[in-house]
Amino acid sequence: MKYDFTSIEKKWQKFWEEKKVYRVDLNNAKEKLYCLVMFLYPSADKLHIGHWYNFGPTDTWARFKRLNGFDVFEPMGYDAFGLPAENYAIKTGVHPQDSTDRNISVIREQLKTMGAMYDFDYEVDTSKPEYYKWTQWVFLQLYKKGLAYRTNAPVNWCPKDQTVLANEQVVDGLCERCGTPVIRKAMTQWFFKITAYADKLLEGLERIDWPERTKLMQRNWIGRSEGVEIQFKIQNSQFKISVFTTRPDTLFGATYAVLAPEHPLVQEITKPEFKSRVDEYVEFVAHENEIERTSTTKEKTGIPTGAFAINPINGEKIPIWIADYVLSTYGTGAVMAVPAHDERDFEFATKYKLPIRIVVQPKVATGSNTVAAEPLLAAYVDDGVAVNSGNFTGQESEKVWNGIADELQKTGAGRRKVNYRLRDWLLSRQRYWGAPIPIIHCESCGEVPVPEKDLPVLLPYDVEFRPSGESPLARSEKFVNTACPKCGKPAKRDVDTMDTFVDSSWYFLRYLSPHLDSAAFDKKLVEKWLPVDKYVGGAEHATMHLLYARFVVKALQDAGWLSFDEPFQSLVHQGTITNQGAKMSKSRGNVVNPDQFVNGYGGDTFRMFLMFMGPYDEGGDWSDRGITGVFRFLNKVYELFESSKGAAVQSKTEFKIESLNESERKVYRRLNQLIKKVTEDLEQFRFNTAIAALMEFMNDYTQIAAGGEVGREVQNYVLQSFNIILAPFAPHLAEELNEMRGGETSIFASAKWVKYDLYAIEEESVTLVVQINGKVRARLTVPVNSSDEEVKSISLAEPNVKKYLDGKEILKAIVVRNRLISFVVK
RNA sequence: GCCGGGGUGGCGGAAUUGGUAGACGCGAAGGACUUAAAAUCCUUUGGCCCCAAACGGGCCGUGCGGGUUCAAGUCCCGCCCUCGGCACCA
């Protein structure tokens with residue numbers, strides 16, 4: 001019989017589903033293990049290679065854990081709300097709900113061909129009222145804690161599509177869909193106060209097992225910086241400007257101050273004779289688009305206001321400018337400019353001929369490190385010794401930093417302050433396909449949250465969702481008009497929907513009880529199963545989903561709903577699979593469809609090939625070259641089992657190595673080495689080397705066994721063990737082979753991972769090299785753990801060694817046990 | 001510009017963390033089986049060289065240039081290329 005992967009895979013998929021092999025008793029599990037992949041975005045009706053690459057290997061790890069006795073919960077679901085479905089609808093007229101439902105039913109069938117342990121009774125679908133009712137509930141919990149608020153803020157606006165865009169839809173300042181430069185527009189928007197958790201989000205990173213680079217990205221994104229907020233009085237004015245600086249030690253070097261053009265004080269302080277030019281400039285900046293405004297290569301522009309600020313440290317009068325390089329959204333929206341010690345200020349001061357004063361000199365002023373007298377060629381931004389700094393002159397930067405901060409604090413002109421780069425999370429979308437925000441606006445009561453008993457606020461099906469600049473829901477009279485829950489008078493619903501990242505920031509809580517209709521999640525189960533033990537997904541979510549989910553969990557903990565504050569204890573990123581160097585995407589037309597490989601080689605071969613390609617976290621450029629290697633391997637395995645059909649499934653599991661003949665001993669040793677290798681590699685997601693080891697073993701085993709010296713008992717033991725360690729990689733095939741050998745149930749229900757015999761692993765002899773002055777001159781085979789003296793005398797007897805030692809004096813001989821001997825000669 | 005990952009045969013990639021570079025697989029070449037092809041199996045396969053030949057020996061070789069060491073893909077210094085993230089965050 002040939003390896004008929006098509007019927008084998010169908011057969012076992014059906015078996016698993018019917019027998020509910022992967023059903024976990026969530027309440028009574030003893031060794032819980034929650035293994036999670038980032039759920040699917042069903043914007044297209046097909047899985048692509050990236051999904052397989054994410055899900056397949058993760059399932060292999062999960063199966064490995066299951067065989068090791070864990071109660072593994074491995075769910076799958078759909079992140080079904082979102083723009084792609086809506087855009088598709090706008091283009092084709094197919095309602096997003098219809099296209100999403102259709103896509104999901106196709107995808108679900110495709111998922112089954114992967115042979116993962118998903119229990120489809122535990123699916124979640126974020127676009128279903130039974131799910132988003134609880135997304136709305138989550139919103140209300142945050143709202144109650146004062147963590148959701150509405151305010152007027154600048155958002156990304158695409159003038160062509162007449163719609164607001166999510167940040168992630170703005171690529172290099174352009175609208176992702178039509179390529180039009182995005183502009184900023186002030187609109188009243190909903191925010192989550194994620195900045196209130198900045199320090200907690202930083203602190204939590206210390207306690208979780210995540211890739212360092214991901215933690216670093218989050219740290220950078222949060223961007224904590226310690227500094228001082230300093231008040232500058234304004235000459236002849238009751239106003240003050242407040243600036244944030246991380247370099248109070250350079251305060252004596254401040255030669256001007258700058259406000260962001262949007263700063264509220266601009267209108268107040270501008271001198272009448274400067275007003276028309278200032279207004280003109282503010283108008284000009286407002287019309288700059290995102291690329292122009294944020295480009296670092298663009299020349300900075302600015303204009304004086306005619307007003308002057310008083311430097312609180314020395315009473316000096318400095319001009320106040322407005323300039324586009326100061327952001328209104330960070331710190332106080334105003335800076336003190338120290339051109340000698342800040343690159344941006346230096347560039348600006350040089351351009352506008354503003355004074356530059358050196359107040360820090362390098363500690364050791366030697367060579368190129370010397371800061372020469374003016375004119376400076378570049379800003380000196382490092383620490384050093386203060387100069388031109390009043391009483392502080394001569395002190396080191398750090399001392400000056402604290403000295404000036406203390407003095408400002410004493411005089412009330414400043415205070416130490418921590419600032420963050422992180423902004424609050426803008427969660428409202430003027431879009432149709434999302435969860436409605438459960439808020440009602442009442443003329444007499446104002447903003448009123450929808451009472452929890454009235455959830456869900458249903459998303460109406462029959463809505464004109466083509467974009468026109470206002471929320472599509474605003475056009476649905478039926479939706480908008482309601483009664484105020486407080487006073488009963490006519491009121492209007494909030495017409496915005498939530499960012500899909502809200503949906504995905506709590507779904508891992510819902511999986512355990514997806515059909516529960518009395519709560520968002522089953523508290524008892526969540527306490528038992530969370531945090532997620534292993535979370536696997538793309539690194540592109542490092543500063544979005546992975547940050548949002550951490551925030552929501554922390555907020556829910558503070559609201560008393562959870563007892564833990566980190567959702568994902570351990571995180572792994574799969575690498576990205578590219579095609580001809582570019583990310584696979586529909587718009588590039590370079591998406592590779594996995595079906596052709598599933599049909600041509602089978603799901604087992606395909607998932608195994610993806611694991612064999614290279615290190616899991618590196619991904620790589622797609623090529624199907626090599627898939628035949630894995631296919632051949634599985635064929636060989638199949639044929640080997642086929643040829644020994646009828647051998648007992650129950651076999652001896654341990655042998656005394658002394659009682660075996662030479663071939664058997666070799667096989668037994670190789671097998672135990674293999675088990676050790678695969679066990680260690682799987683633990684660390686090193687699938688490629690584990691598979692290479694499986695192949696090596698097969699090669700060696702068939703060769704040794706061909707000698708005919710390997711007895712039946714040992715053969716049985718080898719097949720039995722080999723099949724178990726193969727099972728996580730090729731689950732369908734393993735089931736079939738197990739059945740061939742008389743197994744009566746699923747191998748995943750009956751078998752246990754094989755323990756290796758440390759004693760059996762040790763080799764009897766090793767090959768070691770002889771080096772003379774660093775060059776390899778001979779290789780010898782000696783008994784393992786031979787003594788240094790033995791090794792030395794054996795190597796000295798080698799002809800080639802003799803040749804090179806002839807007439808030389810041995811200065812040193814270094815022996816590395818079981819590795820090498822190295823002679824140093826003269 | 002800043003931060004992080006990575007450069008190893010024709011290709012995907014191994015290498016116990018300083019100790020036999022190129023495991024495993026693909027591809028290629030030659031051979032066996034076959035009327036033929038496919039499939040399968042066997043042999044060879046980093047480059048150059050010495051020898052009549054060897055399953056013998058030598059030299060070079062892990063992006064480039066230096067260094068440390070008995071020994072460097074691995075450590076140090078200085079560059080180049082590439083991928084990812086951030087990008088006027090004061």
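Below, chain A is the first sequence line, B the second, and so on; all start at residue 1. Excluded from the calculations below are hydrogen atoms, water molecules and symmetry mates; all remaining heavy atoms, backbone and side chain alike, are included.
In this entry the base of B:G47 is anti relative to its sugar, with a glycosidic angle more than 90° from 0.
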Protein N or O to nucleotides 68-74 of chain B N or O, pairs below 3.5 Å:
from, atom 1, to, atom 2, distance (Å)
B:C70, O2, A:S822, OG, 2.8

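The salt bridge (Lys or Arg N to Asp or Glu O under 4.0 Å) check on A:D700 picks up A:R670, with sequence neighbours excluded. For the side-chain contact (heavy atoms from CB on, under 4.5 Å) test, residues two or more places apart in sequence or in another chain that qualify with A:A542 are A:T214, A:M217. Every side-chain contact (heavy atoms from CB on, under 4.5 Å) that A:K351 has, sequence neighbours left out, goes to A:E299, A:T301. Under the side-chain contact (heavy atoms from CB on, under 4.5 Å) criterion, A:K417 pairs with A:E229, A:F244, A:R415, A:N419, sequence neighbours left out. When the side-chain hydrogen bond (donor to acceptor under 3.5 Å, both in side chains) test is applied to A:T628, no partner is found at least two apart in sequence or on another chain. Applying the side-chain contact (heavy atoms from CB on, under 4.5 Å) criterion to A:A539, with sequence neighbours excluded, gives A:R213, A:H573.
For the C1' atom pair drawn from B:A32 and B:A38, the interatomic distance equals 16 Å after rounding to whole Å. Nucleotides B:G73 and B:G13 place their C1' atoms 14 Å apart, quoted to the nearest Å. Nucleotides B:G57 and B:C51 are separated by 9 Å at their C1' atoms, to the nearest Å. Rounded to a whole angstrom, the distance from the C1' atom of B:A71 to that of B:A21 is 14 Å. Between B:G22 and B:A15, the two P atoms lie 13 Å apart (nearest whole Å). B:C79 and B:G1 have their P atoms separated by 13 Å, with the value rounded to a whole Å. For B:U68 and B:A52, the C1' atoms lie 46 Å apart once the distance is rounded to whole Å. Only the P atoms considered, B:U45 is 12 Å distant from B:G56, to the nearest whole Å.
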Any chance you could list the contact pattern along nucleotides 10-18 of chain B? Use B for base contacts, S for sugar-phosphate-only contacts and - for none, protein heavy atoms under 4.0 Å, 5' to 3'. B-BSS-B--
Going 5' to 3' through nucleotides 44-61 of chain B, assign each nucleotide B (protein heavy atom under 4.0 Å from a base atom), S (under 4.0 Å only from sugar-phosphate atoms) or - (no protein heavy atom that close). -------------SSSS-
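Among the nucleotides B:G4, B:A90, B:C86, the one closest to the side chain of A:R421 is B:C86. For A:S225, the listed nucleotide lying nearest its side chain is B:A90; candidates were B:A23, B:A90, B:U20. Of the candidate nucleotides B:G85, B:C86, B:C3, B:C86 has the atom lying nearest to any side-chain atom of A:W221. Here the nucleotide nearest the side chain of A:V769, chosen from B:C88, B:G4, B:U20, is B:U20.
Counting only Watson-Crick and G-U wobble pairs whose two key distances fall under 3.5 Å, RNA chain B forms stems of three or more stacked pairs at B:1-7 with B:80-86, B:10-12 with B:24-26, B:27-32 with B:40-45, B:46-50 with B:56-60, B:63-67 with B:75-79.
Between A:F641 and A:F722, the two ring planes are tilted [angle within 30° to 60°]. By the 30° and 60° cut-offs, the orientation of the rings of A:Y701 relative to A:F697 is parallel.
The side-chain hydrogen bond (donor to acceptor under 3.5 Å, both in side chains) analysis of residues 674-683 of chain A, with sequence neighbours excluded, yields the pairs A:K65-A:E683, A:K676-A:E680, A:K677-A:D681, A:T679-A:W753, A:D681-A:R686, A:D681-A:T689.
Geometrically, A:R421 engages A:W221 in a cation-pi contact defined by less than 6.0 Å to the ring centre and at most 45° from the axis.
Residues A:N800 and A:R779 bring no donor and acceptor atom of their side chains to less than 3.5 Å of each other. A donor-acceptor pair shorter than 3.5 Å cannot be found between the side chains of A:N672 and A:Y759.
Between A:W425 and A:F501, the ring center distance fails the sub-6.0 Å criterion.
Comparing A:G331 and A:N220 by the nucleotide of RNA chain B whose heavy atom lies nearest to each, the residue mapping closer to the 5' end is A:N220. Between A:T628 and A:E540, the one whose closest nucleotide on RNA chain B sits nearer the 5' end is A:T628.
Contacts of A:K676 with the nucleic acid, taken as non-hydrogen atoms under 4.0 Å apart, are absent. A:T543 comes within 4.0 angstrom of nothing in the nucleic acid, heavy atoms only.
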N/O donor-acceptor pairs under 3.5 Å from side chains in residues 765-777 of chain A, not counting sequence neighbours:
from, atom 1, to, atom 2, distance (Å)
A:N773, OD1, A:V825, N, 3.0
A:N773, ND2, A:V825, O, 3.4
A:R777, NH1, A:Y804, OH, 3.3

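Atom pair A:I222:CD1 and B:C86:C1' shows a separation of 14 Å (rounding to whole Å applied).
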